[in-house]
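Heads up: the structure comes next, in structure tokens.
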Amino acid sequence: MNAQSPNLKRLTSAIGAELSALDLRTTLADAAAVAQLRALAVAHGVLVLPEQPLEPTLLATLARAFGEALPHPAYPKVPAAPSVQVLESTPDAPSKIELWHSDMTFAAEPPDWTLVQAQIVPAVGGDTLWASATAAYEALSTPLKRLLEPLQAVHDFRQGFRESLAEPGGNERLKPAVAANPPVRHPVVREHPEDGQRALYVNPLFTTAIDGLSRHESDAILSMLFEHQVQAEFTVRLRWRVGTIVIWDNRTTLHKPVNDFFPAHRKLHRVTIRGREQPSGPTEAR
């Protein structure tokens, strides 16, 4: 298993690869193979592993190879595998997340990785899109890169969960999460600790403002970046199949669910991997 493997297929020129004919039940015992999975996920941003067994413990074991699980304050857990979160959308409780985002950037140390496995998928719809924040950064002009690289932006839990907070009882239910997650600041341009590449690190779900700019300036730049980084040439779209596992680098990608399947049922299992350190910006301008 490597970049030249016949079972590895790139999905787009900017982001995503699929690795087929892989059985994680045997692969997880091979430390070198797991290290190669990680390297492929870094290189492609999103790594798709189709047709994997559905046991939640399998996803939890795979996740441990990437690091320590980071719990989410707003989602239930699988009892048999407490590190695994349940993301479920039903007619009675439809999904509210529809904006492009990177997972949990409201945290001081956001996840490095996210791993998701499809448990129940609708017959039609319910796809997920990802965008390469690395490709989006590289496509910017040199003057704009220089402007953005020293800047920091505010990320806020309340911004991402404002609809839930506005529901009856929502404020009380999420009060501990709000208290535990005050607004934080992250660099607008983040340098990847493993390969040194630079990526935009803002998203419309959690990012509220850029420090040091007027509201008018901040809104204008963020609006431009939100639109720029999800242009079609930076994205990939996945049609979920039951058993498919997707591993993505949360430091260099954004994603967006397509909520076009109601009133059908969709259920995913997810593990987010604790960031090893607070995000850092470029060490020097280019």
Side-chain angles (χ1 to χ4, degrees), residues 3 8-18 38-48 98-105 110-114 127-155 160 185-213 216-238 246-258 275 279-286:
L8 183 70
K9 178 181 70 175
R10 291 182 66 188
L11 299 178
T12 74
S13 60
I15 184 172
E18 178 179 290
R38 183 189 183 100
L40 289 173
V42 169
H44 297 284
V46 176
L47 184 62
V48 180
E98 295 185 310
L99 295 175
W100 284 96
H101 63 286
S102 302
D103 282 330
M104 299 175 68
T105 63
D112 283 352
W113 297 97
T114 300
D127 297 356
T128 298
L129 295 94
W130 286 266
S132 171
T134 304
Y137 168 81
E138 289 298 335
L140 294 173
S141 66
T142 298
L144 188 53
K145 289 178 183 176
R146 290 174 178 162
L147 171 68
L148 297 175
E149 283 169 353
L151 299 177
Q152 295 217 337
V154 179
H155 298 244
R185 286 162 175 79
H186 298 310
V188 171
V189 176
R190 183 173 182 179
E191 190 167 281
H192 198 288
E194 296 182 44
D195 64 11
Q197 292 197 78
R198 297 177 183 184
L200 293 172
Y201 200 63
V202 294
N203 68 86
L205 187 62
F206 296 119
T207 310
T208 60
I210 298 177
D211 272 355
L213 303 185
H216 176 70
E217 292 169 334
S218 173
D219 287 350
I221 291 176
L222 285 177
S223 178
M224 183 273 292
L225 293 178
F226 294 160
E227 180 180 356
H228 167 74
Q229 63 189 347
V230 298
Q231 292 182 82
E233 59 264 38
F234 307 141
T235 67
V236 66
R237 181 169 182 149
L238 176 70
V246 181
I247 306 166
W248 69 85
D249 192 329
N250 197 56
R251 298 161 291 189
T252 60
T253 65
L254 301 92
H255 60 281
K256 176 188 185 299
V258 182
S280 60
T283 53
E284 59 181 17
R286 288 196 287 206

Once rounded to the nearest 0.5 Å, what's the spacing between atom [atom1] of [X] and atom [atom2] of [Y]?
X      : Y      : atom1 : atom2 : value
Arg190 : Arg198 : CZ    : CZ    : 14.0 Å
Thr105 : Phe206 : OG1   : CZ    : 5.5 Å
Arg146 : Ser141 : CZ    : OG    : 9.5 Å
Asp211 : Arg185 : CG    : CZ    : 4.5 Å
Thr253 : Trp130 : OG1   : CH2   : 8.5 Å

Minimum side-chain heavy-atom gap [X]-[Y] below 4.5 Å:
X      : Y      : answer
His101 : His255 : yes
Leu140 : His228 : yes
Leu144 : Ile221 : no
Thr12  : Thr235 : no
Leu148 : Leu225 : yes

Is there a donor-acceptor contact under 3.5 Å from the side chain of Arg10 to the main chain of Ser13?
yes
Donor-acceptor pair, distance only, cut-off 3.5 Å: does the side chain of Ser218 make one with the backbone of Ile210?
yes
Quick one: closest heavy-atom pair of [X] and [Y], and the distance?
X      : Y      : value
Leu8   : Leu40  : CD2-CD2, 3.8 Å
Ala14  : Ala135 : CB-CB, 4.2 Å
Pro187 : Pro279 : CD-O, 3.6 Å
Asn250 : Pro111 : ND2-O, 3.1 Å
His44  : Ala17  : CG-CB, 3.6 Å
Asp249 : Asp112 : OD1-O, 3.4 Å

Checking side chain to side chain contact (heavy atoms under 4.5 Å, CB included) for the pair His192/Val42: CA distance, chi angles, key distance, verdict?
CA-CA 9 Å; His192 198 288; Val42 169; 4.2 Å; yes
Side chain to side chain contact (heavy atoms under 4.5 Å, CB included) with Phe226: which of Leu205, Thr207, Leu99, Leu200?
Thr207
Cation-pi geometry met for Arg251 and Trp113 (6.0 Å, 45°)
yes
SB check Glu138 Lys145 (cutoff 4.0 Å):
yes
Gln197 vs Thr252, test: side chain to side chain contact (heavy atoms under 4.5 Å, CB included). Steps then yes/no.
CA-CA 9 Å; Gln197 292 197 78; Thr252 60; over 6 Å; no
Can you list the steps and then say if Leu129 with Trp100 is a side chain to side chain contact (heavy atoms under 4.5 Å, CB included)?
CA-CA 9 Å; Leu129 295 94; Trp100 284 96; 3.5 Å; yes
Taking it one step at a time, do Tyr137 and Glu149 satisfy side chain to side chain contact (heavy atoms under 4.5 Å, CB included)?
CA-CA 10 Å; Tyr137 168 81; Glu149 283 169 353; 2.3 Å; yes
Within 6.0 angstrom of Glu227 CD, more than 12 heavy atoms from elsewhere
no
